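Everything on this sheet refers to the single structure shown next.
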Amino acid sequence: QQNRMDVSHAIAVEEYVTFRGILMCKSIAENYPRVEEFEARPDDVLIATYPKAGTTWLSEIVDMVYQDGDAKKCSRDAIFNRVPYLEMCSPGMPSGVEQLAALPSPRLIKTHLPVHLIPESFWKNNCKILYMARNAKDVAVSYYFFQLAVKVLPAIKTWAEFLEKYMTGEVSCGSWYDHVKGWWQKRVDPCVLYLFYEDMKEDPIREIRKVVQFLNKDLEEEVLEKIIRLTSFKSMKDNPMTNYTTLPQTFLDHSISPFMRKGVSGDWKNHFTVAQNERFEENYARNMEGSLLSFRNEI
Ligand code: A3P
């Protein structure tokens, strides 16, 4: 079973490199040529996010929509196997491209790539792409705790240090600003649905309806309600097929921070100092200048 990895390989700590201006794990950068030539199929669905923006949540929602809210079918495997991570490449594990080659259509695919690194075949085939964005401050906090828990990423010491790096885009997947803005420019493409984590928190039924419509599905009201229930934070935290607890602890240590950590909007207030918030706001204004893209930092 792929949802149990070869631990002896997984504990090797990754190195970061800068690839086309973006910091990423060395093995992912080296594997990029395989990703670039990835042959998307017209019925592939791509779920794109900056890390910690609600990728797993949206992935589970889309799989539920495809499986008509059938919890049993959605328990067929861990989320990272049902929705393979396109650019993923880590020693001792099949790469995302290899996993996808073995998956029957319609395939659901996860990516954290910035818009300009998406393989051309997705655009050529008019594949449906769902992008989910989350406010920069909650992403920062979520990302910090995730980095602490992931044992295979280079160690970071303090929240203050992480936040400085995050503001300048010196974190894996690069700048949050560039990511959300780059994808925002693509939202005019009818193949792209741009969603917000905060909207999903606020009114999941409204947002899931948008997803259903975008995917040209037609679901009964009671199926929609079932999906809302099954994809709530509580359900997904308790579900081993969505909460990442099937990964070995040497890879992801949930005792440091569970993958399903809090699942709220506005938790940044518990972590940013007043001074950090001021610096962040100033940096934010500079980076978002001229953009019509706006976020809610709490709901
Ligand atoms: P927190 O660390 O703020 O709790 P990703 O899947 O992109 O890595 O994002 C992980 C973040 O999404 C975590 O945020 C996690 O708790 C949150 N999340 C996962 N499932 C969720 C759900 N069903 N509802 C709300 N938030 C969810």
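The structure displayed is predicted, hence computed values, not measured ones. Each ligand, and each atom within it, is numbered from 1 in the order the structure gives.
Tyr197 and Asp138 form no side-chain donor-acceptor contact under 3.5 Å, judged by distance and modelled atom types alone. At a cut-off of 3.5 Å, with distance as the only test, no side-chain donor of Glu87 or Asn31 sits close to an acceptor on the other residue. Under 3.5 Å, the side chains of Ser59 and Thr56 contain no donor-acceptor pair of N or O atoms. At a cut-off of 3.5 Å, with distance as the only test, no side-chain donor of Lys181 or Asn287 sits close to an acceptor on the other residue. Residues Trp268 and Glu298 have side chains that never bring a donor and an acceptor to within less than 3.5 angstrom of each other.
Between Val264 and ligand 1, a contact under 3.5 Å exists for no N or O pair. When only interatomic distances are considered, the shortest N/O to N/O separation between Met236 and ligand 1 does not fall below 3.5 Å. At under 3.5 Å, a nitrogen or oxygen of Tyr197, whether backbone or side chain, sits near a nitrogen or oxygen of ligand 1. Remark: ligand 1 and Lys201 share no N or O pair separated by less than 3.5 Å (distance only, no angle test). Below 3.5 Å of separation, one finds no N or O of Met260 facing any N or O of ligand 1. Note: no N/O pair closer than 3.5 Å links His112 and ligand 1 by distance alone. For ligand 1, the polar-atom distance check finds no N/O of Tyr50 at less than 3.5 Å from any of the ligand's N/O atoms.
Close approach of ligand 1 to Ser232 (heavy-atom distance below 4.0 Å) involves ligand atoms 23 (N). Shown in contact with Thr231 at under 4.0 Å from a heavy atom are these atoms of ligand 1, numbered in order with element: 23 (N). Close approach of ligand 1 to Thr56 is summarised as follows: ligand atoms under 4.0 Å from at least one heavy atom of the residue are 5 (P), 6 (O).
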Give the C-alpha distance, both sets of side-chain angles, the deciding distance and a yes or no for side-chain contact (heavy atoms from CB on, under 4.5 Å) between Val83 and Ile109. CA-CA 5 Å; Val83 185; Ile109 307 172; 5.6 Å; no
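Remark: minimum distance from atom 13 (C) of ligand 1 to any protein heavy atom is reached at Ser142 OG, 3.7 Å. At the shortest separation from atom 14 (O) of ligand 1 among protein heavy atoms lies Arg134 NH1, 3.1 Å. For atom 8 (O) of ligand 1, the closest heavy atom belonging to the protein is Lys52 NZ, 2.8 Å. The protein non-hydrogen atom at the shortest distance from atom 7 (O) of ligand 1 is Thr55 OG1, 2.3 Å.
The aromatic rings of Phe259 and Phe146 lie perpendicular to each other, with more than 60° between the two planes, well past the 30° mark.
The closest approach between Phe259 and ligand 1 falls below 4.0 Å for a heavy atom of the residue. For Thr49, the closest heavy-atom approach to ligand 1 does not fall below 4.0 Å. Residue contact check for ligand 1: Glu60 places no non-hydrogen atom closer than 4.0 Å to it.
Of all the heavy atoms of Ala53, the ones lying under 4.0 Å from any atom of ligand 1 belong exclusively to the backbone.
Ring centroids of Phe280 and Phe272 are separated by less than 6.0 Å, placing the two rings close together.
A cation-pi arrangement is present between Lys128 and Phe214, with the terminal nitrogen or guanidinium carbon under 6.0 Å from the aromatic centre and inside a 45° cone about the axis. Seen from the ring of Tyr66, Lys217 counts as a face-on cation partner, given the 6.0 Å and 45° thresholds.
Arg82 pairs in a side chain to side chain donor-acceptor pair (under 3.5 Å) with only one of the listed residues (Asp63, Asp77, Thr242), which is Asp63.
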